[in-house]
2 protein chains.
Amino acid sequence: MVTIKKIAEIAGVSRGTVDRVLNNRPGVNAETYHKVKEIADKLGYEPNMAGQMLAARKKKIRLGFIVCDTPVDLFFADVYRAACKKAEELKTYGVTVHFYLIKELSDKVIAPLLREAEEDDLDGIALVPLKMSSVQTFVNKMNARKVPMVFFNLDMEDVQRLSYVGCDYYDSGKVAAGLISLVTREKGKIALATSFDEQSPAFRQRLEGFIKELDEEYPQIEIVNRDSNFVFQKGDYSNILDVVKREGHLEALYIINPGDYSICEEVEKLDKERRIKIITNDVNNKQKSFMDRGIISATIGQQPEKQGALPLQILYDFIGLGIEPANQYLTELSIHIKQNIAGKV
Amino acid sequence: MVTIKKIAEIAGVSRGTVDRVLNNRPGVNAETYHKVKEIADKLGYEPNMAGQMLAARKKKIRLGFIVCDTPVDLFFADVYRAACKKAEELKTYGVTVHFYLIKELSDKVIAPLLREAEEDDLDGIALVPLKMSSVQTFVNKMNARKVPMVFFNLDMEDVQRLSYVGCDYYDSGKVAAGLISLVTREKGKIALATSFDEQSPAFRQRLEGFIKELDEEYPQIEIVNRDSNFVFQKGDYSNILDVVKREGHLEALYIINPGDYSICEEVEKLDKERRIKIITNDVNNKQKSFMDRGIISATIGQQPEKQGALPLQILYDFIGLGIEPANQYLTELSIHIKQNIAGKV
DNA sequence: TTGTACGCGTTATCAA
DNA sequence: TTGATAACGCGTACAA
């Protein structure tokens with residue numbers, strides 16, 4: 001194994017010099033720089049993680065994790081849990097993680113929380129870049145301060161960020177289309193439904209991928225409400241139920257953003273013979289019970305554990321160990337049915 | 001954070017003594033032992049991994065990884081690849097991994113390979129406990145020598161082993177039943193097919209889980225060849241094809257152990273209208289192409305990467321860091337369709 | 001510009 | 001039975 005010490009011996013310089021070269025720190029003669037660099041490259045130097053971690057403890061890295069924490073956001077509850085676990089693990093390496101819990105999705109509630117985060121002078125931040133003015137302002141400020149940020153669950157263009165951890169929503173829609181093709185045997189009428197979330201463009205991307213895949217691969221499947229009437233308001237599913245009633249033989253329903261999932265029960269009441277197969281997103285206890293009862297047929301997960309843990313790991317690796325992350329880490333679009341959901345919730 | 005040094009200070013002894021106590025090494029006065037132990041417990045001492053890893057390099061741990069490597073075993077090719085990657089990673093910690101590649105599944109070929117492994121005097125071994133005399137003998141010998149072993153892909157009862165990494169085949173069969181219920185809309189005729197593998201009881205367990213779940217949850221689905229005629233011989237699919245021909249309207253086919261997958265093409269030739277939905281196991285390039293062509297509808301994966309990497313990690317953690325593993329680590333039964341298979345192969 | 005020395009936490013070895 | 005010390009690889013503060 002190639003160590004700094006070994007390189008120093010071969011190059012005939014001190015360990016300090018080699019360290020300066022490898023970490024691109026100033027104060028090295030150009031000639032020695034090249035000599036050392038060459039040897040290191042040739043021997044294939046890779047810093048030893050154990051040593052790095054041990055040394056990194058002195059840095060006392062402070063990270064922030066901003067996430068919503070409301071009874072209805074079951075997905076983010078899982079994310080939060082995973083982040084807590086990772087935070088505990090990182091303690092050993094001298095890292096402290098500050099959590100900022102969003103209790104309500106309004107600028108009024110979020111703004112003071114983010115002000116707090118600003119003042120805490122963090123070394124790195126993980127957050128969902130919601131399309132809200134308070135969040136946008138915060139992101140811009142942190143960018144100006146050069147504080148590294150990792151986005152999770154949602155990406156944002158035209159903004160400097162270290163990395164993104166989350167799913168590809170367009171592909172998620174395509175997977176939904178594939179599932180619809182399975183349960184319909186590639187033909188028949190189906191419908192769409194979603195709640196509207198102005199803070200996130202995710203459902204639009206899912207919709208796009210879904211329609212694209214269905215049109216291209218399964219032309220015999222007809223979406224009865226593809227251009228209108230698929231968005232329901234919180235608690236009021238009348239327009240969706242009307243569609244279900246109007247169409248005699250609906251084979252399946254893709255619920256993109258189910259809200260609190262009660263729409264599933266409403267649809268089932270209209271569908272005594274259990275003809276309509278419901279496909280939806282994410283995995284949680286409420287869904288699990290609906291699956292057990294045969295109300296939901298399949299669901300598409302997006303690894304909340306990874307979305308909680310990886311951003312913190314990325315920030316630590318970058319700040320503590322100098323490891324550049326990839327531009328994005330896409331979570332797997334896992335398919336869950338009644339039989340393989342047990343261990344997930 | 002609680003360190004050995006801190007405990008030593010509080011207890012008024014040296015670090016060496018604390019180390020002896022924490023690692024249950026002999027040569028400590030009973031009284032000091034209890035005093036130190038108590039303090040460590042009270043403060044909740046957790047060994048620092050970075051420190052341990054740094055120190056563990058001196059042990060020069062030697063691990064063995066025994067796996068089959070033939071053109072037809074696509075699943076184990078993925079396992080092997082993952083193990084190689086993990087071995088590379090472990091090099092940093094002073095671990096060398098010796099690979100023993102089984103080129104043919106016969107005692108004649110395997111016996112000398114395992115003899116080699118015996119002589120290499122390994123500190124720990126990862127292998128599939130095949131039901132073959134050469135393997136059984138080897139396992140017993142290693143057990144007598146108290147060499148820790150981790151089994152992957154297949155577990156074995158009545159044998160001391162450190163841990164098992166692989167799927168639950170019974171549950172795998174249940175997931176297959178769930179998929180069959182999806183593609184059939186819970187009714188109609190389906191058929192079974194599998195190649196026979198005497199070295200592994202896996203397909204029997206899958207079969208059991210499949211039938212159990214189908215009988216209990218989906219009584220309207222009929223397995224036309226549930227008691228006979230579902231095992232095909234290598235390259236000869238006549239009995240299965242006869243079943244397909246005989247039954248006019250087969251909705252689906254569950255191929256448990258597909259062999260080289262060519263059976264899928266044969267079935268498709270008989271099924272011009274693409275009525276029969278094929279469900280099978282594992283994920284690889286051959287399958288992917290069949291999925292793209294619509295020949296296979298869905299497949300159930302069992303995380304070959306995890307089966308390759310985790311056994312080595314477990315052995316290192318145990319031998320190098322003294323971390324006791326769980327009794328088993330079940331891999332996820334992931335469902336793959338055309339749309340979410342891209343990144344997997 | 002370069003070298004030296006210490007500390008991080010754990011383990012092993014040698015001395016007492 | 002115990003203590004002291006060196007070593008692992010890295011980062012950095014300080015000295016030259």
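Sequence lines set the chain letters: A, B, ... in the order given, protein chains first and strands last, and positions in each chain run from 1. Keep in mind that the numbers below use all heavy atoms, side chains included, and drop hydrogens, waters and symmetry copies.
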Q: Tell me which pairs pass ring pair (Phe, Tyr, Trp, His ring centres under 6.0 Å) where either residue lies in residues 46-66 of chain B, with sequence neighbours left out.
A: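 Sorted result for residues 46-66 of chain B: Phe65(B)-Phe99(B), Phe65(B)-Phe152(B).
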Q: Enter the inter-axis angle for the ends of the helix from dT1(C)-dA16(D) to dA16(C)-dT1(D) (five pairs per end, rounded to 10°).
A: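 One end's axis against the other's: 60°.
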Q: For DNA chain D, what residues of residues 32-40 of chain B have any heavy atom nearer than 4.0 Å?
A: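 Hits under 4.0 Å, by residue number: Thr32(B).
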Q: Applying side chain to side chain contact (heavy atoms under 4.5 Å, CB included), name anything that partners Asp168(B), two or more places apart in sequence or on another chain.
A: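 Result, side chain to side chain contact (heavy atoms under 4.5 Å, CB included) vs Asp168(B): Tyr170(B), Asp171(B), Leu330(B).
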Q: List the residues meeting side chain to side chain contact (heavy atoms under 4.5 Å, CB included) with Glu89(B), not counting sequence neighbours, and say none if there are none.
A: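 By the side chain to side chain contact (heavy atoms under 4.5 Å, CB included) rule, Glu89(B) matches Lys86(B), Gln313(B).
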Q: Kindly state each residue pair satisfying salt bridge (Lys or Arg N to Asp or Glu O under 4.0 Å) with at least one member in residues 28-51 of chain A, sequence neighbours excluded.
A: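 Passing the test, one end in residues 28-51 of chain A: no pairs.
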Q: Hey, what are the protein-to-nucleotides 12-16 of chain C N/O distances that come in under 3.5 Å?
A:
from, atom 1, to, atom 2, distance (Å)
dA12(C), OP2, Arg25(B), NH1, 2.9

Q: How would you give the extent of chain B contacts on DNA chain D, as first and last nucleotide 5' to 3' within a 4.0 Å heavy-atom cut-off?
A: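 It runs dT1(D) to dG9(D).
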Q: So which pairs with a foot in residues 1-36 of chain A pass ring pair (Phe, Tyr, Trp, His ring centres under 6.0 Å), sequence neighbours left out?
A: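 Every candidate ring pair (Phe, Tyr, Trp, His ring centres under 6.0 Å) pair involving residues 1-36 of chain A fails, so no pair, neighbours aside, qualifies.
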Q: Going by side chain to side chain contact (heavy atoms under 4.5 Å, CB included), name the residues that satisfy it together with Pro325(B), two or more places apart in sequence or in a different chain.
A: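 Per chain and number, Pro325(B) pairs via side chain to side chain contact (heavy atoms under 4.5 Å, CB included) with Leu162(B), Ser163(B), Ile314(B), Phe318(B), Tyr329(B).
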Q: Counting side-chain heavy atoms from C-beta on, which of dG3(C), dG9(C), dT11(C) comes nearest to Met1(B)?
A: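 Among the listed nucleotides, the one closest to the side chain of Met1(B) is dG9(C).
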Q: With a 3.5 Å cut-off and sequence neighbours excluded, list the donor-acceptor pairs that the side chains of residues 141-148 of chain B form with protein atoms.
A:
from, atom 1, to, atom 2, distance (Å)
Lys141(B), NZ, Glu118(B), OE1, 3.3
Lys141(B), NZ, Glu118(B), OE2, 3.2
Asn143(B), ND2, Gln160(B), O, 3.1
Arg145(B), NH1, Glu118(B), O, 3.1
Arg145(B), NH2, Glu118(B), O, 3.4

Q: So, using side chain to side chain contact (heavy atoms under 4.5 Å, CB included) as the criterion, who are the partners of Leu113(A) when residues are at least two apart?
A: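 So Leu113(A) forms a side chain to side chain contact (heavy atoms under 4.5 Å, CB included) with Tyr100(A), Ile102(A), Glu116(A).
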